[in-house]
Amino acid sequence: MFSFELLFEAVVFGLLVGCFYAAISLGLSIAFGLLDVPHIAHAAFLVLAAYMTFLLGSYGLDPLVAAVLIVIPFFFFGVLVYRFYYEAFEKRGADAGVRGIAFFFGIAFLVQVFLSMKFGLDQRTVSAPYIGRSLELGDMRIPWRLIVVLCVAIALTVGLKLYLSKTFQGRAIRAVAQDAWALRIVGANPVLTKQWAFGIATAAAAIGGALLIIVSPVEPSLDRVYIGRTFCVVVLAGLGSMSGTLVAGLILGVIESLVLTMFGASWAPAVAYGLLLLVLAIRPQGLFRQ
Amino acid sequence: MAVKITVQELHAGYGAVQVLHGISIEVRDGETLALLGTNGNGKSTLMKCLIGDVRPNLGQITLEIDGVRLDLAQLSTNQIVDFGISIVPEGRRLFPQLTVEENLQLGAYRKAARAKISENLDYCYDAFSILKEKRHQPAGSMSGGQQQMLAIARALMSSPRILLVDEPSVGLAPIMVSQAIAKIGELKERFGLTVVMAEQNFQEAMRIADRGYVLVHGEIALAAETAAELKNSDLIQQLYLGT
């Protein structure tokens, strides 16, 4: 029953889906990996962005164009969320982490309720020329939508990597969780740096959300499906590494795809949590910790 | 084009614990000023007041820079750095997971330093060849002495007018202390800096200091106008030479 062709196909699809996992995890890699913010509302932000893409799509906009348009409002949304989190928790010091989890859980819940009230519980989709068609390569049919995701994932990873390593603001973002006071003595304000970075993380989530609705239909509670996967990718990567996030996404995608092919679809969702626990037990610093 | 810091009747501390009791000092343009005294007498607290890390309860800290007067007690640390004061902090406070070069690049964060970044980077690599050699390694992987050199170089990357150096000798082997102090003296000449150095190692500090203050229990116990005056004072004999 098991053939080389089947295995090959599973790996190819795993790589493509892995690109998608990487793309939706980049924002979390900044928020949780670089800023130490326990951002468990990240997946809810993805779903929110997917619905905003849907909303703009209903006016006839292509989802990729919609993604570009929602980036700026999401940036400011992220800035506001961080400011609130900072004033209410981080500024007061002790156990910001634990309270922060409760705070972001609440935000995720509010987003879900808002989406249910506004859009109902039905699944929503978008249409675009690359959705529903496939590229035929020999015997394989590769959906165009996954090729679009591949391109966006690589562009986003490279863009963020360059931003974080080549600009003053980017370097400050990578430094802020290591020693906030030391950032002050080089003339940067750590709070504003984190606020700006959280805005960027949320803007990355906006693009991830647009990819989400390009890849599959969305419903308000979809964040549950992705919260484990995104955290798995970020932890596997080693906190805060962008290229590591891409590779970790690919690893998760391929393993999930192989499990799906060999053991059936019902096992696939367990892969992310299994891998997350395994990484935490064996190599908690992740694969690519800088 | 001159800089000057005037500290008047400064009282500061941490919560209920008062550390400084009415300190008045002056930092003059182009000098190397030593803040001396044994541990726990307020040298570091005074440095922290100068860089805006500790807010004074009473008193004034005035920076005059090119004819502009600023009240440092009202400014935050990053604003003070923006006005051209830079610090080599106690404990070095590098970014351990970033590379040596990234630490240096971050040193040039303030707007006025960004234009000179490549010039300053070249100079730092010239002055500290070990940093050039290790520029792609994480800062945290270097030895204590090398990290101290990096902390000094990072402070210089911001093109400061005034360089504060807090306890450069802590945690270093004696040979490294001599090297670090000599380097500070050399860089001061090269950049035309004004240097304020808090140091408990009197002998090492006096190799480059023009004059100094001795702090005892949060007060100025001695203000000496020359290095010779310091060396010959009874207080220094008593504190450091055990007589």
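The chains referred to below are lettered A, B, ... by the order of the sequence lines, with proteins before strands, and numbering in each begins at 1.
Both the backbone and the side chain of B:Ala108 come within contact range of chain A, judged by heavy atoms closer than 4.5 Å. Only the side chain of B:Ile117 comes within less than 4.5 Å of a heavy atom in chain A; its backbone stays farther off. Only the side chain of B:Arg154 comes within contact range of chain A, judged by heavy atoms closer than 4.5 Å.
Note: A:His39 and A:Tyr85 fail the aromatic proximity criterion, with ring centroids not under 6.0 Å apart. Aromatic pair A:Phe77/A:Phe45: centroids less than 6.0 angstrom apart.
For the set B:Pro96, B:Ser76, B:Ala113, B:Gly52, the count of heavy-atom pairs under 4.5 angstrom toward chain A peaks at B:Pro96.
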What verdict does the ring-ring contact (aromatic ring centres under 6.0 Å, His included) test give for A:Phe75 and A:Trp196, after you've listed the backbone C-alpha separation in whole Å, the side-chain angles of each residue and the deciding distance to 0.1 Å? CA-CA 8 Å; A:Phe75 173 85; A:Trp196 177 268; 5.0 Å; yes
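Residues B:Arg161 and B:Leu193 are not in side-chain contact: their nearest non-hydrogen atoms beyond the backbone lie 4.5 Å or more apart.
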